[in-house]
Amino acid sequence: LPNTNEVGAEGVKNKIIHEMERSLNEMEDSNVLAMGVTLSIGVSTKNPGEKREDAIARADKDMYTVKRSKKNV
């Protein structure tokens with residue numbers, strides 16, 4: 001989300017989570033719920049002076065740390 005601050009990115013994250021939950025609730029009779037669908041979304045910002053590639057690598061590392069420990073966060 002270029003040119004988006006952390007607060008704006010959190011808002012986008014929350015909208016995605018809300019829409020996923022709404023969609024799953026509408027599919028109540030579907031086998032999707034039986035599969036145990038989960039979603040993990042993180043928000044990270046690029047630090048001043050940090051290379052874009054380094055910021056992405058840091059966010060990617062953090063994502064996998066969370067995915068190993070929690071779900072739906």
Side-chain angles (χ1 to χ4, degrees):
L1 301 169
N3 303 314
T4 304
N5 64 20
E6 193 168 343
V7 172
E10 284 285 341
V12 172
K13 177 191 84 166
N14 291 335
K15 284 181 184 179
I16 292 169
I17 290 170
H18 172 76
E19 287 301 315
M20 181 186 158
E21 288 172 345
R22 186 184 62 73
S23 295
L24 288 174
N25 287 334
E26 288 178 1
M27 298 166 44
E28 226 174 285
D29 297 329
S30 169
N31 289 332
V32 173
L33 294 179
M35 289 190 296
V37 175
T38 63
L39 174 68
S40 298
I41 298 177
V43 174
S44 181
T45 56
K46 184 177 151 303
N47 296 319
E50 184 177 32
K51 291 181 182 176
R52 183 174 157 180
E53 296 80 19
D54 293 338
I56 292 169
R58 180 174 45 81
D60 196 49
K61 179 182 170 205
D62 291 346
M63 177 193 66
Y64 282 105
T65 298
V66 170
K67 287 182 85 55
R68 284 189 290 274
S69 64
K70 303 174 188 174
K71 296 291 180 197
N72 289 329
V73 293

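Predicted model, so just to flag it, every value in this text is computed and none were measured.
In this structure, D60 contributes its side chain and I56 its backbone to no donor-acceptor pair below 3.5 Å.
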(request) Dump the intermediate steps for side chain to side chain contact (heavy atoms under 4.5 Å, CB included) on E10 and K13, then the final yes or no. (result) CA-CA 5 Å; E10 284 285 341; K13 177 191 84 166; 3.0 Å; yes

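Screening residues 42-55 for salt bridge (charged side-chain N to carboxylate O under 4.0 Å, His left out) gives E50-R58 as the qualifying pairs, with residues at least two apart or on separate chains.
Not counting sequence neighbours, the partners of A9 by the side-chain contact (heavy atoms from CB on, under 4.5 Å) test are L1, T4, V43. Applying the salt bridge (charged side-chain N to carboxylate O under 4.0 Å, His left out) test to E6 and every residue at least two apart in sequence or in another chain returns nothing.
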